[in-house]
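Residue numbers begin at 1 in each chain, while the letters A, B, ... track the order of the sequences. Owing to the predicted nature of the structure, the values given are computational and were not obtained by experimental measurement.
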There are 2 protein chains.
Amino acid sequence: MDHCTTCVVRNRAICSALEMDEISLLGKMGRHHKLIAGQTLIWEGEDSLLVANVIEGVLKLSTSLSDGREQIVGVVYPSDFIGRPFGTRVQHNVTALTDAHVCTFSSSDFDRFAQTHPQLEHKLLERTLTELDRTRRWLLLLGRMTASEKLAYFLLDMSQRLVRPDCANEGPIDGFDLPFGRQQIADILGLTIETVSRRLNDFKVQGLIAVPSRRRIEILDREALENITEAA
Amino acid sequence: MDHCTTCVVRNRAICSALEMDEISLLGKMGRHHKLIAGQTLIWEGEDSLLVANVIEGVLKLSTSLSDGREQIVGVVYPSDFIGRPFGTRVQHNVTALTDAHVCTFSSSDFDRFAQTHPQLEHKLLERTLTELDRTRRWLLLLGRMTASEKLAYFLLDMSQRLVRPDCANEGPIDGFDLPFGRQQIADILGLTIETVSRRLNDFKVQGLIAVPSRRRIEILDREALENITEAA
DNA sequence: GTAGTGCAATGATCCATGTCAACGCTCTAG
DNA sequence: CTAGAGCGTTGACATGGATCATTGCACTAC
């Protein structure tokens, strides 16, 4: 939680995300926060509007009903932005799934900065449109897919998104560690942990995947998983 | 489907949406299309990327699985934008729910225009962020709500969004005509028509709503509907 | 009027997923 | 070693919503 107005650590994530000169952006403003897995990001002050940029780690965005039912509505990775610029409050919780490092900006600082850097708005718009598309595909998943279809889609999606940054080679990988426990998978897919467990076991029995440890998944038959999502 | 390069009809919607001078935008480019209810907007050529602005009417964005299951992933109203600027293909169908009037721009024209008008990008970003928020709340609905909760939420949402443009007075209205048939309500909420029909009837019996005709809804007990969505 | 068409409502049954409860791993602390 | 906590798995059972089939109601065409 070290406040740093003159930001020593170069914010590589934000710069590479925006394809901008590092120096122009940095040392500007921004508070760096380290979060440990499970910790929720507090939008300090309750009425101070914030925007944040993920530097390291994976975080979830979630909403709940008053009786405790929870739905994860977004998962953010390094270089992604969280929050609502331009004066609207964000209305979901932000929780670290792994240890994480984020950089927050007050909404007013951010807006002021955006005005002088049209490239920022452009990049942000592109990313927001991409996120909207992703979220809309998610609607199809939640509204119309069976548990098996949801899980197959989820596993394939993860195999694309969890590509290690150090492996520059593109393309999905067949073995990966989920940043999620069973409860979180359930909260993403709109299921219960029991159903997640059972359908995952089905896949295992059918030889489509291997689960060598709690969070490790190995895809053995990608094509079969694709067939499950695409029709049924 | 009259092509109009020098656009005579002033595109009020797009201008008011952007809070820009009408003249600056118009006569630029843009093809006007009239769609009749049920008609699907064809992104002509299949590889020409388009952006569109709704001038009049209500349209749905939908995706389907190969076996016919359909999920509506967005509903757009006058002044809303459809499509993906910046060179990505849009991946859902756009269908008119009422007779509609849209104005389309080639993606390249639109992008070129956007570069010289940073306000356009700004407004577009604001709208996209709002739409993303709305879509994320929809995830909660599809993933975690029961049929009754979904319907109550839907009715309340409609009562806010279907405010006639001529009624300048803000606030939700208690009687309105849905631009949807039962099947479309089902496709929005991830239900079947039968369930929609049954739960709607429950509300009727309980005196929460009246349904004087197929598409007309009158909310009699708003508070009760709110209680249904917010907890249960 | 009748016939036909397109939706919506209702009824009977089924099944996928939720619910509740028990059990089993694995890791840590002592 | 044992105790306990935290997850994940498995089993038995309940149920909300889907499915299938029928009926009803407007509206149009003739």
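Between R216(A) atom CZ and dT26(C) atom P there is a gap of 17 Å when expressed in whole angstrom units. Counting to the nearest Å, the C1' atom of dT19(C) and the CZ atom of R144(B) are 13 Å from each other. Between the P atom of dA16(C) and the CG atom of L151(A) lies a distance of 16 Å, rounded to the nearest Å. In this entry the distance linking NZ of K150(B) with C1' of dG16(D) reads 11 Å, nearest Å. For the pair R69(A) CZ and dT19(C) C1', the interatomic distance rounds to 14 Å; values are reported in whole Å. Whole-Å rounding puts the I193(B) CD1 to dG11(C) P distance at 16 Å. In this structure, the CD atom of E194(B) is 13 Å from the C1' atom of dT23(D), given to the nearest Å.
Side-chain proximity of R182(B) to dA9(C), dT9(D), dT17(C): nearest is dA9(C).
For the pair P179(A)/L162(A), a side-chain contact is recorded, criterion being any heavy-atom separation below 4.5 Å from C-beta on. With a 4.5 Å cut-off on side-chain heavy atoms, W138(A) and L142(B) do not count as touching.
Within residues 195-215 of chain B, the residues that have a heavy atom under 4.0 Å from DNA chain D are, in order of number, T195(B), R198(B), R214(B).
Salt bridge R127(B)/D80(B): present, at least one basic N to carboxylate O contact under 4.0 Å.
Along DNA chain D, the nucleotide nearest to Q183(A) and the one nearest to M145(B) differ in position, and the one closer to the 5' end is contacted by Q183(A).
For residues 176-185 of chain A, the pairs satisfying salt bridge (charged side-chain N to carboxylate O under 4.0 Å, His left out) are D177(A)-R216(A), with sequence neighbours left out.
Once rounded to the nearest 0.5 Å, the distance linking CD1 of I193(B) with CG of L200(B) reads 13.0 Å. Here the CD1 atom belonging to I188(B) is positioned 4.5 Å from the CD1 atom belonging to I72(B), to the nearest 0.5 angstrom.
Annotation: E126(B), atom CD; neighbour count of heavy atoms from other residues, nucleotides and ligands within 6.0 Å is above 12.
OP1 or OP2 of dG18(C) has at least one side-chain nitrogen or oxygen of T192(A) nearer than 4.0 Å.
The residue L191(B) sits close only to the backbone: its heavy atoms come under 4.0 Å of sugar-phosphate atoms, none of a base.
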